[in-house]
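Notes to accompany the following structure.
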Amino acid sequence: MTMRFCFIARTGLVTIQPVLARHVHASVLRGCILFPKIHNRCELWSCLKMNRFAEMTAFVRSVEDGSFTAAARNLALTPSAVSKLIARIEDRLGVLLFRRTHRENVLTPEGEAFYRAAIDAIEAVEAADAAAFANKAIQDTLRVRCIPIFATAALAPQIPAFCRLHPALQVEIQLRIDPGNLLDDGMDVAIHVGHLKDSSYVARRFSSTRWVICASPAYIAEHGKPAHPNDLVHRNCINFLPSISASTWFVKDGTRSSRQLPVQGNIVTNQASMVRELARAGVGIVRLTEMQIADDLRSGQLIEFFPRHQCPDEDPIYAVYQSRRHLSSRVRAFLDFLDSTFSNPPPWKRRQR
């Protein structure tokens, strides 16, 4: 059966075509009251239940994001719109879900109970949606933020395979190294190399990479090969800007422990690709990730120094996203692809075999 929907808003009556449930709910959340063309009480009751789902979605996001403001930002609403949606629930149930203060909103016992029940309800609806559309092609646009080093060295060679799996999906990849909110500007997933600061986002580790101290044969021919990490104190070491965590070099000290290694040089930059090119040109000694220079090491364009003293610790590689719940099919497909492609072992280690 085909049902047509109409919005009752200040501007009057506007008819739209049916859409997926999550898009209808988003329209409800954006301040319109959504009703089908109502012919009987059953249709009215169905519409009211749909609006309740939208209210529950706003409530759950407010709890998980920590505030009405954060929930509003992630739902593309105003804080007052989120507040009104939650007030509707409280009015209908006759209870307070939050204790509101000027600093924070704290769940009441009734709010905690409603939160658990709302999660179960939302997950049940999303499971039904997933079952209904399991065999349909994944469409829409996947927006990924990625640091340049991983994007060019690791992701670019593999992304064609992902596109072949999902030919109807558009992929937008933004290369950024600036700090800040990883999921700004509507990003679905952010790929981060290194340890993460605490945040409200979900971080899923899907791979790791070690750091390698190395130089080119041309540099070694001109300056000689250092025998020990301490010899680097008097060598020209090309490095990252001091504001970048990778500018701190570590080596193995003793059996497994690591220590910081002081280095100096005449060139610093914010781009790993620049460091790599300078190393290949014989300008100095560098410290780069194995995922970026695995082919150079294998071909002999770069030579690893003192393998026994290289730091054994590997930097984790994370996929960061909003929440384990409300996960779209495009995000789920990309996360699964990262897991299957970059683990056990990752491509840069497989190429060495």
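The basis for the numbers below is simple: all heavy atoms, side chains too, and nothing from hydrogens, waters or symmetry mates.
Here the closest heavy-atom approach between residue L302 and residue S216 is recorded as CD2-N, 3.9 Å. Residues L85 and E55 come closest through the heavy atom pair O-CG, 3.8 Å. Nearest heavy atom pair, residue I149 against residue Q292, reads CD1-OE1, 3.7 Å. Across every non-hydrogen atom of I86 and A58, the tightest pair is CD1-O, 4.3 Å. Heavy-atom minimum distance, R259 versus N230: NH2-OD1, 2.8 Å. G284 and A215 get closest at one heavy-atom pair: O-CB, 3.9 Å.
Listed for the E90 side chain is a donor-acceptor partner under 3.5 Å among the backbone atoms of L97. Under a 3.5 Å cut-off, the side chain of S207 and the backbone N or O of F342 do form a donor-acceptor pair. No side-chain donor-acceptor contact under 3.5 Å links Q174 to the backbone of R143. A donor-acceptor pair under 3.5 Å is absent between the side-chain atoms of N266 and the main chain of N236, judged by distance alone. In this structure a side-chain-to-backbone donor-acceptor pair under 3.5 Å is missing from Q322 to D188. Between the side chain of R176 and the backbone N or O of L182 there is no donor-acceptor pair closer than 3.5 Å. Side-chain atoms of K252 come within 3.5 Å of backbone atoms of R308 as a donor-acceptor pair (strictly under, hydrogens ignored). Without hydrogens or angle criteria, D296 side chain to Q301 main chain gives no donor-acceptor distance under 3.5 Å. Between the side chain of T152 and the main chain of P148, a donor-acceptor pair closer than 3.5 Å is present.
Taken together through direct or relayed side-chain contacts under 4.5 Å among Ile, Leu, Val, Met, Phe, Trp and Tyr, L297 and I285 form parts of separate hydrophobic clusters. The hydrophobic clustering, which links ILVMFWY residues whose side-chain heavy atoms are closer than 4.5 Å, places L77 and V60 together. I303 is connected to V263 through a chain of hydrophobic side-chain contacts under 4.5 Å among Ile, Leu, Val, Met, Phe, Trp and Tyr, so both are in one cluster. Residues V283 and I220 fall into different hydrophobic clusters, defined by Ile, Leu, Val, Met, Phe, Trp and Tyr side chains chained together at heavy-atom separations under 4.5 Å. A single hydrophobic cluster is not seen to contain both L261 and W211; linkage of ILVMFWY side chains at heavy-atom distances under 4.5 Å, directly or through other members, places them apart.
In this structure, F162 and F337 have tilted ring planes: the angle between them lies in the 30° to 60° band.
Using a 4.5 Å cut-off on side-chain heavy atoms (C-beta onward), C214 and L288 make no contact. At a threshold of 4.5 Å between non-hydrogen side-chain atoms, the residues M291 and V193 count as touching. No side-chain heavy atom of H166 sits less than 4.5 Å from a side-chain heavy atom of R330. The shortest distance between side-chain heavy atoms of S62 and V82 falls below 4.5 Å.
Atom OH of Y321 and atom CZ of R332 lie 8.5 Å apart (nearest 0.5 Å). Taking CE from M56 and CD1 from I122, the interatomic distance works out to 5.5 Å, rounded to the nearest 0.5 Å. Interatomic distance, CG of L175 versus CD1 of I191, reported as 10.0 Å (0.5 Å rounding). To the nearest 0.5 angstrom, R100 atom CZ is 9.5 Å from T108 atom OG1. Here W249 contributes atom CH2 and C311 contributes atom SG; the two are 13.0 Å apart, rounded to the nearest 0.5 Å. The CG atom of D184 lies 7.5 Å from the CZ atom of R145; values are rounded to the nearest 0.5 Å.
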| message | I'd like to know whether R298 forms a salt bridge (charged side-chain N to carboxylate O under 4.0 Å, His left out) with D295, so could you lay out the CA-CA distance, the side-chain angles of the two residues, the decisive distance to 0.1 Å, and finally the verdict. | response | CA-CA 5 Å; R298 187 178 68 253; D295 289 339; 2.9 Å; yes
| request: Any chance you could lay out the ring-ring contact (aromatic ring centres under 6.0 Å, His included) test for F59 and F98, step after step, and finish with the verdict? | output: CA-CA 10 Å; F59 170 74; F98 291 100; 5.5 Å; yes
| side chain to side chain contact (heavy atoms under 4.5 Å, CB included) between E64 and Y115, worked out | CA-CA 10 Å; E64 295 182 347; Y115 172 66; 3.1 Å; yes
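No donor-acceptor contact under 3.5 angstrom links the side chains of S67 and T69, judged on distance only.
Under a cut-off of 6.0 angstrom, the local environment of CD in Q260 is crowded, with over 12 non-hydrogen atoms contributed by other residues, nucleotides or ligands.
Under 4.0 Å is where a charged nitrogen must lie from a carboxylate oxygen, and between R204 and D336 at least one such pair does.
Checked against the 6.0 Å centroid threshold, Y318 and Y201 do not count as a close aromatic pair.
Cluster partners of L96 are absent, since no Ile, Leu, Val, Met, Phe, Trp or Tyr has side-chain heavy atoms less than 4.5 Å from it.
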